[in-house]
Every structure is written in structure tokens, then in C-alpha cells.
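A quick write-up on the structure given underneath.
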2 protein chains.
Amino acid sequence: MFEIFAQYLQSKIELSDQELKMIEEVCVVRKLRKNQYLLQEGDIWRFNAFITKGCLRTYSIDDKSTEHVLNFAIENYWIGDRESLLNGTPSRFNIDAIEESTLLLISKENFAGLMKSIPQFQDLVNLIIERSFVASQDRINNSISLNAEEKYIRFIEKQPQIALRVPQHMIASYLGMTPETLSRIRKQSAKK
Amino acid sequence: MFEIFAQYLQSKIELSDQELKMIEEVCVVRKLRKNQYLLQEGDIWRFNAFITKGCLRTYSIDDKSTEHVLNFAIENYWIGDRESLLNGTPSRFNIDAIEESTLLLISKENFAGLMKSIPQFQDLVNLIIERSFVASQDRINNSISLNAEEKYIRFIEKQPQIALRVPQHMIASYLGMTPETLSRIRKQSAKK
DNA sequence: AAAAGCACTTGATATATATCAAGTGCCTCA
DNA sequence: TGAGGCACTTGATATATATCAAGTGCTTTT
């Protein structure tokens with residue numbers, strides 16, 4: 001279980017055996033069945049979570065009970081609600097498993113401890129957050145610049161692994177369109 | 001000029017006189033006339049920039065030559081292209097002054113030096129990036145969940161200072177709609 | 001193997017938003 | 001101070017996308 005995370009870490013930063021052990025000691029394994037929640041709206045999120053197997057999504061629910069997918073995440077990605085984690089406020093989002101999944105959870109406190117004692121780990125975390133921010137900006141740019149078809153094309157170009165793995169209606173939601181619209185776009189695009 | 005930045009910093013973190021001086025020494029003042037560029041598409045962005053006066057926008061230009069505003073920033077905000085800064089790649093964005101503005105620029109190298117020698121400063125920067133990420137996620141959520149009117153209402157609720165300060169057609173662009181649509185929405189909303 | 005439930009598609013229609021084209025008023029600046 | 005140029009508005013129309021309603025074919029469950 002931990003092996004995958006260890007490999008991920010060692011591909012990004014140098015870690016002594018002792019440091020690796022420190023990390024392992026604070027990891028808690030969490031297995032989720034398909035459709036099971038990792039986080040529900042209203043809960044406070046207190047972890048950093050790394051996915052070693054499976055696929056999850058973060059989504060919000062509006063007043064018409066429509067779900068809106070904010071993010072997908074698969075193996076070797078981090079997931080969680082940084083807003084709730086940072087501010088200690090109840091989450092406005094839900095996270096659930098699209099496939100049977102396995103995660104490693106590290107509590108906020110233990111995570112802070114790791115960052116303090118392992119500077120490279122701290123740097124890695126900062127880099128990940130910065131990259132996440134840059135990716136978000138790109139997505140915002142797409143959302144205000146592109147039409148439905150262009151959004152879909154960019155998505156499959158940029159995240160083909162995810163495009164193949166998650167149901168189409170969730171992709172539509174992620175792209176901010178209805179499932180019917182995405183279905184028609186795909187039909188059209190296929191012709192070309 | 002530096003005074004405003006010093007006050008900002010001291011309201012966020014504890015700094016000795018010496019530390020403050022270290023920061024001051026690497027700040028370069030940059031004044032911009034209205035409409036003047038801070039960054040043009042294709043340039044590589046190598047700074048961290050803090051606004052002490054004025055108002056700027058970051059925007060992209062699509063293949064139909066339409067501008068799309070990604071961000072507005074005013075006094076006491078940071079601005080720049082983190083993607084270009086992080087990756088050393090040519091920027092896909094433009095940044096220009098909506099009003100006559102004054103900024104303090106710190107080169108990437110000097111900035112890294114400050115972060116290394118002043119841990120509180122490093123923490124502050126990380127916090128700002130994390131908050132920026134959280135804000136981006138919120139904006140993405142709005143963009144896939146809300147209709148044009150709701151987007152506008154959220155915007156004026158959340159950023160009233162900016163709403164009052166920038167031209168309406170730029171707000172429309174920021175919200176991903178045409179100026180005509182925003183004009184009609186405002187007329188409608190006024191009735192209620 | 002039958003039944004039920006999804007995910008996706010397709011068609012008809014409605015609606016939101018974009019586009020195009022004037023028109024108005026205000027600000028700038030020569 | 002007057003002429004031009006913006007920013008915004010308004011109207012008419014076009015277009016993209018949403019909504020509603022079936023229908024089809026899988027997959028899962030029993």
C-alpha cells in the first residue's frame with residue numbers, strides 16, 4: 001500500500017530511509033467502495049490524501065440538486081478540500097469514489113509535522129499547490145474563452161487517462177455542459 | 001513607495017528592521033501609465049509584483065482577437081504570471097494597467113533569497129498561493145454552476161471594490177459573457 | 001434468463017446568450 | 001470648445017446550449 005506512495009515521493013525528492021519511515025508512520029490507509037463518500041458537504045476536511053489506486057471526484061450540488069464536478073483524481077494524485085482544510089470551515093463539496101479506491105490519509109497535524117522536519121517534503125508540497133493554482137488558472141481561461149466543443153477537445157487532449165475512465169455525464173458536468181450537449185458534440189466531432 | 005508594502009507585510013507577519021531592510025533593498029519601483037503593459041504575451045515573466053497603487057488586469061487573447069480577462073488586481077494585491085515564472089516559458093497572457101499604477105517588482109532570484117532567509121516571509125507566500133488556489137476553485141465552481149446573472153451577482157458581492165473601478169465590458173469578459181449581456185442583466189437586476 | 005436500472009443517444013422544442021447594428025451621452029484632448 | 005472616440009445601451013435576429021421526453025442497449029441483480 002505504502003509502496004506506491006514511497007515510489008511517488010522518491011521520484012520527486014530525495015528521502016533517507018528514516019524520513020521515509022517517518023512518513024509511513026503517519027499514513028492511514030483508507031479503502032473506498034465504488035460510490036462511497038470520502039467527504040460529504042458540511043463535514044470538515046482535516047487531511048491530506050494521496051490516491052494509490054482508483055478514481056474519485058470532487059463535486060458541488062446546487063439549489064436545483066444538480067451536481068457539478070470540480071475535479072477528478074486518480075492514482076498518484078492528491079485529493080481533498082483545501083478550503084475546508086485551510087480555514088477549518090465546513091466543506092461545500094462532496095468527494096466520492098468513481099471506482100473502488102485506496103488512499104493514504106495524513107492528518108493535518110501530522111502533515112504539518114512532516115513539512116517541518118523534512119524540508120524537501122515541504123518544498124514538494126508547495127510546488128504541488130503552485131502547480132494546482134496554475135492549472136486552475138488555465139481551466140478558468142478555457143471556461144471563459146472556449147465553446148462547448150473546444151472545451152471537450154482540450155479536455156481529452158489534456159487528460160486522456162481520465163477521459164477514458166469516468167462516465168461521460170460526469171465529464172459533461174466537469175466541463176459545465178449537459179450530458180445531451182456532450183453526446184451531440186462527440187457525435188459531431190467523430191464525423192470530422 | 002515602499003511604505004505601503006512594509007505596512008502590508010507587517011500586518012501579516014513579524015519582521016525585524018533588518019529583515020524589512022533586506023526586502024526593501026531588492027524592490028524595484030515600476031510606474032505604469034494607464035493602458036501600459038506590464039507583461040505581453042510571449043514574454044517570460046521573472047518577477048513577483050506587488051501593487052502599491054492602481055489597478056491592473058491579466059488577460060488572454062483568442063484566435064478571434066477577443067480579449068478574456070483572467071484577473072483584476074488592485075493595491076495590496078500581487079500580480080504576475082505564475083505559469084511563466086514557474087516554468088520559465090513564454091507567457092500566454094498580457095497584463096496591463098487599467099489605471100495609472102505603481103508596483104514593486106522583486107526578481108525571481110531575489111525573491112527566492114528572501115524566502116530562504118526569512119521563514120515567515122516564506123510562510124506568507126505559501127499561504128497566499130494556497131489562498132489563490134482556493135479562490136480559483138471557487139471561481140471554477142461558479143463558472144460551471146451559475147448562469148450569467150448569478151455570476152454577476154456573486155462577483156459584485158465578492159469584489160465590490162473592483163466592480164466599482166473597472167469598465168463594465170471588462171467585467172463582462174471576466175465573467176465569460178458579452179458586454180451586451182451584462183448590460184441587460186444589470187438593467188434587469190435594477191428592476192428587482 | 002428475466003427484470004431493472006443505468007448511461008447514453010436522439011428528436012423536438014424552449015431558452016439563454018451571442019451577434020450585428022444603431023443610437024446616446026460623456027470624456028478626452030487637440 | 002468642439003470633434004472624435006469610447007463605453008454603454010437598446011433592438012432585432014441568430015445561434016448555442018438546455019430542457020423534456022422517449023428510445024436503445026448494456027450491465028447488474030436476482
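What you are looking at is a predicted structure, and each value in this text was computed from that prediction instead of being measured. Lettering follows sequence order; numbering is per chain, from 1.
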**Message:** Between E75(A) and T52(A), does the side-chain hydrogen bond (donor to acceptor under 3.5 Å, both in side chains) criterion hold? Intermediate values first, please.
**Reply:** CA-CA 5 Å; E75(A) 297 84 23; T52(A) 60; over 6 Å; no
**Item:** Residue pair R186(B), Q168(B): steps toward the side-chain hydrogen bond (donor to acceptor under 3.5 Å, both in side chains) verdict
**Value:** CA-CA 10 Å; R186(B) 281 165 52 88; Q168(B) 201 172 300; 3.2 Å; yes
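Taking the six-membered ring where tryptophan is involved, the planes of W78(A) and Y8(A) are perpendicular, since the angle between them exceeds 60° and thus also 30°.
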**Prompt:** Can you give one letter per nucleotide of nucleotides 13-30 of chain C, going 5' to 3': B for a protein heavy atom under 4.0 Å from the base, S for sugar-phosphate only, - for none?
**Reply:** ----SSBB----------
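Shown here for S84(A) and T89(A), the closest heavy-atom pair between the two residues is OG-O, 2.6 Å.
Distances shorter than 4.0 Å separate none of the side-chain N or O atoms of K187(B) from OP1 or OP2 on dT9(D).
Residue R186(A) contributes atom CZ, which lies 11 Å from atom C1' of dT9(C) at whole-angstrom precision. Q188(A) places its CD atom 13 Å from the P atom of dT9(C), with the value rounded to the nearest Å.
Of the residues listed (F47(A), F121(A), F50(A)), the one engaging F111(A) in a ring-ring contact (aromatic ring centres under 6.0 Å, His included) is F121(A), and it is the only one.
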